[in-house]
Protein chains: 2
Amino acid sequence: MLARLFPILQWGRTYNAQALSDDLVAAVIVTIMLIPQSLAYALLAGLPPVVGLYASIMPLVAYAVFGTSRAQAVGPVAVVSLMTASAAGAVAAQGTPEYLEAAITLAALSGVILAVMGFLRLGFLANLLSQPVNAGFMTASSVLIATSQLKQLLGVKVGGDTWPEMLGALASQLTHINWVTLAIGLPVTLFLFWVRKGARPLLIRLGMPPRPADLLAKTGPVFAVLVTIVLVAALDLTDRAGVEVVGAVPQGLPPFSLPSGDPALLGKLWVPALLISIIGFVSSISVAQTLAAKRRERIEPDQELIGLGASNIASALSGGFPVTGGFARSVVNFDAGAKTQAAGAFTAVGIALASLFLTPLLYHLPTATLAATIIVAVLSLVDFTMPVRLWRYSKSDFAAHMATIAVTLLAGVELGVITGVAVGLLLFLWHTSRPHAAVVGRVPETEHFRNVERHKVFTAPHILSIRIDESLTYLNARWLEEYVLRLVAERPALRHVILMASAVNEIDASGLESLEAINQRLADGGIRLHLSEVKGPVMDRLQRTHFLDDLGGKVYLSQARAFAELLDDDGSTPVQSADWARGMI
Amino acid sequence: MLARLFPILQWGRTYNAQALSDDLVAAVIVTIMLIPQSLAYALLAGLPPVVGLYASIMPLVAYAVFGTSRAQAVGPVAVVSLMTASAAGAVAAQGTPEYLEAAITLAALSGVILAVMGFLRLGFLANLLSQPVNAGFMTASSVLIATSQLKQLLGVKVGGDTWPEMLGALASQLTHINWVTLAIGLPVTLFLFWVRKGARPLLIRLGMPPRPADLLAKTGPVFAVLVTIVLVAALDLTDRAGVEVVGAVPQGLPPFSLPSGDPALLGKLWVPALLISIIGFVSSISVAQTLAAKRRERIEPDQELIGLGASNIASALSGGFPVTGGFARSVVNFDAGAKTQAAGAFTAVGIALASLFLTPLLYHLPTATLAATIIVAVLSLVDFTMPVRLWRYSKSDFAAHMATIAVTLLAGVELGVITGVAVGLLLFLWHTSRPHAAVVGRVPETEHFRNVERHKVFTAPHILSIRIDESLTYLNARWLEEYVLRLVAERPALRHVILMASAVNEIDASGLESLEAINQRLADGGIRLHLSEVKGPVMDRLQRTHFLDDLGGKVYLSQARAFAELLDDDGSTPVQSADWARGMI
């Protein structure tokens with residue numbers, strides 16, 4: 001029990017020198033990668049860059065204690081930072097103490113929500129975010145994020161929460177472009193795009209072994225950071241050309257902070273915090289699962305909620321903003337050889353050392369470089385072929401995907417997620433309330449029963465056989481009544497209805513009520529209801545009710561037997577049609 | 001198309017003298033039944049009794065034009081009246097013009113909501129109200145309604161929206177009981193309870209044929225009304241003993257009225273109006289379906305929404321409050337021989353005549369008689385054995401039922417419905433996100449594959465066969481990944497995983513993504529993923545994707561063939577275990 005809540009008690013027991021050395025190497029590489037990322041994502045969240053460093057220390061330690069993924073690298077990530085900016089921006093202006101307080105409070109609320117969901121084992125609620133909705137949200141937020149960073153690249157000052165607002169604001173500022181900033185930002189962007197694909201092959205051609213080449217290519221952003229710092233400092237571009245830089249970053253460890261206890265603020269922030277929690281959890285869990293599976297390890301989704309909850313609470317208590325597992329960063333951590341959660345703790349030490357000693361070096365770092373880092377990072381996550389593939393595979397998934405993209409771009413991230421979840425749920429309920437069923441008949445010379453519309457099969461005018469391809473739950477119970485009664489109304493000669501329940505895994509109380517109603521209504525019309533091929537567990541439950549006593553007909557083990565037995569009972573002396581049909585079987 | 005929107009164009013064309021005479025007889029009986037009911041339910045809704053008559057004229061005409069049920073009798077019903085009282089009471093005090101305006105606005109909003117749902121074919125949303133939730137809501141509201149009417153029976157003045165409030169208020173007034181009122185109300189209540197069960201057998205024993213006896217028994221409430229009017233008038237009990245009576249009811253036809261256009265009021269009332277619409281629709285549709293099935297007729301649920309919507313709009317425009325199809329009244333209408341929707345229109349004429357000429361006679365009608373009518377009507381709808389049956393049949397349905405009852409009693413009708421829907425949906429999502437699956441093995445000397453935990457079956461250490469008993473949708477996609485990867489992590493010798501998809505009716509985009517992820521992760525671990533028994537439509541869609549190209553293994557037509565073929569491929573020279581297993585098959 002204790003080891004379940006504190007996974008560190010499990011992996012810590014077998015920790016050895018080899019794991020230590022592997023984790024240290026991975027920590028150094030991730031630290032180098034995380035420094036520009038944390039600064040950039042803090043800027044994206046509308047916060048001072050140093051807050052990004054703060055959010056990359058204590059959360060990593062908390063995750064090392066409570067997390068179950070050995071490779072997960074926690075910290076600020078792009079989409080959560082954008083959501084933080086949107087939520088905090090709704091209650092305070094950027095740059096004010098209230099804005100920072102809102103960001104800290106969001107981290108605290110999100111941490112509490114995640115931890116509570118973990119303790120209540122509510123991880124399944126993350127399922128509400130379907131893959132098309134999640135992908136649509138990621139696409140739209142990446143476009144929003146990239147657009148929001150264009151202003152840093154162009155050296156103009158504009159705002160806007162939605163895409164049309166952002167584009168309009170940018171268009172109005174086109175005459176104020178800072179060309180020197182653009183001359184730094186554009187090459188950096190192109191370099192970073194190239195370095196993702198081109199650096200590794202080049203290094204290998206130059207004789208470097210594949211794995212170091214891979215890791216060195218990942219440090220491309222750091223290289224861009226160093227070069228642009230030197231450039232801006234050497235040419236004094238801030239003063240001479242107005243290139244915006246990070247400026248003075250306070251040296252020192254994160255301060256202790258407390259989230260707001262103001263009920264009004266908490267009331268405004270809990271919905272965005274819930275959305276941040278779910279988006280953060282979903283994006284984090286999928287990368288954790290992928291990496292764990294590669295080494296045949298396991299992660300515990302409900303404990304992951306607790307791990308991410310602890311990270312966010314730790315972030316709130318140390319002046320940070322909402323964090324979660326980062327996709328690119330975790331992959332780098334894994335590739336660099338991280339063996340346990342200790343790699344994360346060592347990364348925290350690395351970032352702490354950076355905030356103690358390196359921050360003066362960041363003074364001349366152009367924000368355009370950070371913007372380029374963000375743009376390249378988010379756009380590489382977008383899968384622009386997704387709509388085409390979804391359209392071909394499933395129209396309703398396509399609809400959910402496009403609705404999420406449209407609402408996120410036009411009305412912002414929060415409404416985007418909510419719309420996506422609502423559309424997905426509505427489509428699911430719609431599908432579930434119209435399940436698949438078919439009128440079936442016997443395939444000649446076999447005991448198989450197939451759809452009368454697809455196969456040449458035998459049927460009898462006094463028997464209606466219906467195969468139900470779905471569990472009978474309250475969502476489709478009413479449909480079943482309508483479906484059966486409509487078919488019955490079309491068949492005046494009917495005497496028997498057989499429901500073939502081979503695919504019915506469950507019948508809930510509403511489904512049972514519908515069956516009772518159908519049975520009663522058929523009996524009123526002089527028709528008997530039969531069941532066939534009822535599964536064992538379903539039959540067990542039916543036997544605990546009066547339904548089987550009230551049933552007008554019988555429960556048959558097989559559809560073939562039901563059909564054969566009822567063929568004779570057509571309400572008359574044997575007629576030719578029945579004999580004919582039986583003869584052919 | 002036109003005939004679909006106006007069902008009157010269909011049944012009106014074949015209308016004849018026989019149907020006219022049947023409909024007239026039914027209309028007379030329903031009119032007699034509806035007069036005390038409409039007065040009583042108006043009082044329950046906190047409105048002047050005459051509003052009940054207004055709500056029983058134009059809505060019936062509108063339903064005759066737009067409705068599809070030939071036997072449905074529309075008008076005020078108990079639970080909708082209670083919900084009206086709760087919603088209107090939240091925005092205005094009873095007896096004020098604002099209260100009446102709120103009730104009229106609720107009818108208008110509810111009418112628009114129903115009609116829009118009908119045009120958008122959203123009738124399936126009523127499915128969200130599962131049978132246990134609906135039954136729980138009906139039980140709790142009946143108890144609330146009966147309790148709220150006790151004050152009329154006791155002749156005291158108390159309020160309260162929740163059960164504890166009502167009981168507390170009643171207890172504080174026990175010393176103020178009007179004993180004369182109770183001496184009228186209690187015998188009437190007992191008489192009405194008796195008349196439901198005992199009058200019909202008595203009349204038959206006295207020599208009356210069963211059908212007239214049945215219909216005469218249904219007029220019990222009118223008999224009680226007449227006797228108590230005469231009693232109170234003759235003994236002058238209002239002045240001499242303070243017995244509360246209906247008093248002066250304005251004579252005349254309903255006035256034309258318009259709902260409020262105040263956005264603030266509409267904002268407060270649309271949620272209760274939505275709940276009233278759904279509750280009204282669900283209770284109306286089930287009785288309409290039952291009665292239609294008895295004569296092998298059909299009703300159109302989406303057109304029913306339009307019919308009920310038109311009724312409520314008509315009610316709002318003629319000074320009435322929300323209406324829907326009444327259970328008892330529709331059954332009486334059917335039993336009395338109503339053949340078409342014209343019976344409802346004739347009933348409207350009957351009520352119009354009553355409001356023109358009969359209202360002076362109602363002056364001395366004690367409200368205790370109306371309260372007794374309501375108490376007996378609602379309590380006869382309650383099924384107190386339901387919790388026991390649900391407990392035995394399904395624990396989660398029981399939980400939804402009891403939660404709905406508890407919240408409705410303790411926090412009111414609106415929160416009761418919302419909680420019931422939310423609990424039902426949560427439980428459904430929880431179940432759906434944890435579907436049934438089983439590791440299967442081959443039953444000796446057959447080609448059947450069954451659950452390894454229930455049957456003695458053959459398995460091989462290098463093959464894992466999993467039967468999935470549910471469609472793969474976004475709600476369980478993540479579960480599938482976790483389930484498969486956990487099983488794989490436990491089996492170090494594994495080389496093949498076969499997913500037996502015989503019960504998989506659909507794979508949505510999220511399910512496909514999960515299969516791709518599982519395939520990739522298994523490939524990373526040197527394991528091949530195979531599918532078996534994939535259904536035709538599912539296979540058609542998979543073939544439109546890259547999944548089958550990327551699949552590490554094969555798609556087999558049958559599980560038996562997959563198992564037999566992979567048995568050899570255990571990654572070594574043939575070993576004894578595989579030979580042994582094959583020998584036994």
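All chains are named by letter (A, B, ...) in the order of the sequence lines, taking the proteins before the strands, and each is independently numbered beginning at 1.
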Is it the backbone or the side chain of B/Ile285 that comes under 4.5 Å from a heavy atom of chain A, or both, or neither?
side chain

Heavy-atom cut-off 4.5 Å, strictly under: side chain, backbone, both or neither for A/Leu128 against chain B?
both

Side chain / backbone / both / neither for B/Leu390 at chain A, heavy atoms under 4.5 Å:
side chain

Using non-hydrogen atoms and a limit below 4.5 Å, what part of residues 504-512 of chain A faces chain B?
A/Asn505, A/Ile507, A/Asp508, A/Ala509, A/Ser510, A/Leu512

Which portion of A/Ser396 sits near chain B, non-hydrogen atoms under 4.5 angstrom:
neither

Please check if atom NE2 in A/His546 has more than 12 non-hydrogen atoms from other residues, nucleotides or ligands closer than 6.0 Å.
no

Using a 4.5 angstrom heavy-atom cutoff, name the option from A/Ala503, A/Pro132, A/Pro537 with the most pairs to chain B.
A/Pro132

Answer with side chain, backbone, both or neither: which region of A/Leu429 has an atom nearer than 4.5 Å to a non-hydrogen atom of chain B?
both

Looking at B/Glu481, B/Arg478, B/His431, which has the largest count of heavy-atom pairs under 4.5 Å with chain A?
B/Arg478

With a 4.5 angstrom heavy-atom cut-off, could you sort out which part of B/Phe428 is near chain A: side chain, backbone, both or neither?
side chain

Would you say that A/Val133 contacts B/Tyr474 through its side chain, given a criterion of any heavy-atom pair below 4.5 Å between the two side chains?
no

On a heavy-atom basis, which atom in A/Arg392 and which in B/Arg544 lie closest, and how many Å separate them?
O-NE, 2.7 Å

Would you say B/Arg450 has more than 12 foreign heavy atoms packed within less than 6.0 Å of its CZ?
no

Chain B contacts, top residue of A/Asp397, A/Leu122, A/Asn476 (heavy-atom pairs, under 4.5 Å)
A/Asp397

Side chain, backbone, both or neither: which part of B/Arg389 has a non-hydrogen atom closer than 4.5 Å to chain A?
neither

A/Thr473, part contacting chain B, at a heavy-atom distance under 4.5 Å:
side chain

Assert top hit (heavy-atom pairs under 4.5 Å, partner chain A, pool B/Asp540, B/Asn134, B/Leu425) equals B/Leu425

Tell me, side chain or backbone of B/Ser514 under 4.5 Å from chain A's heavy atoms, or both, or neither?
neither

For atom CZ of A/Phe327, is the number of surrounding heavy atoms from other residues, nucleotides or ligands below 6.0 Å larger than 12?
no

Could you work out, with side chain to side chain contact (heavy atoms under 4.5 Å, CB included) as the rule, every residue matching A/Glu490, not counting sequence neighbours?
A/Arg486, A/Leu487

Closest heavy-atom pair and its distance - B/Arg434, A/Arg121:
NH2-O, 4.4 Å

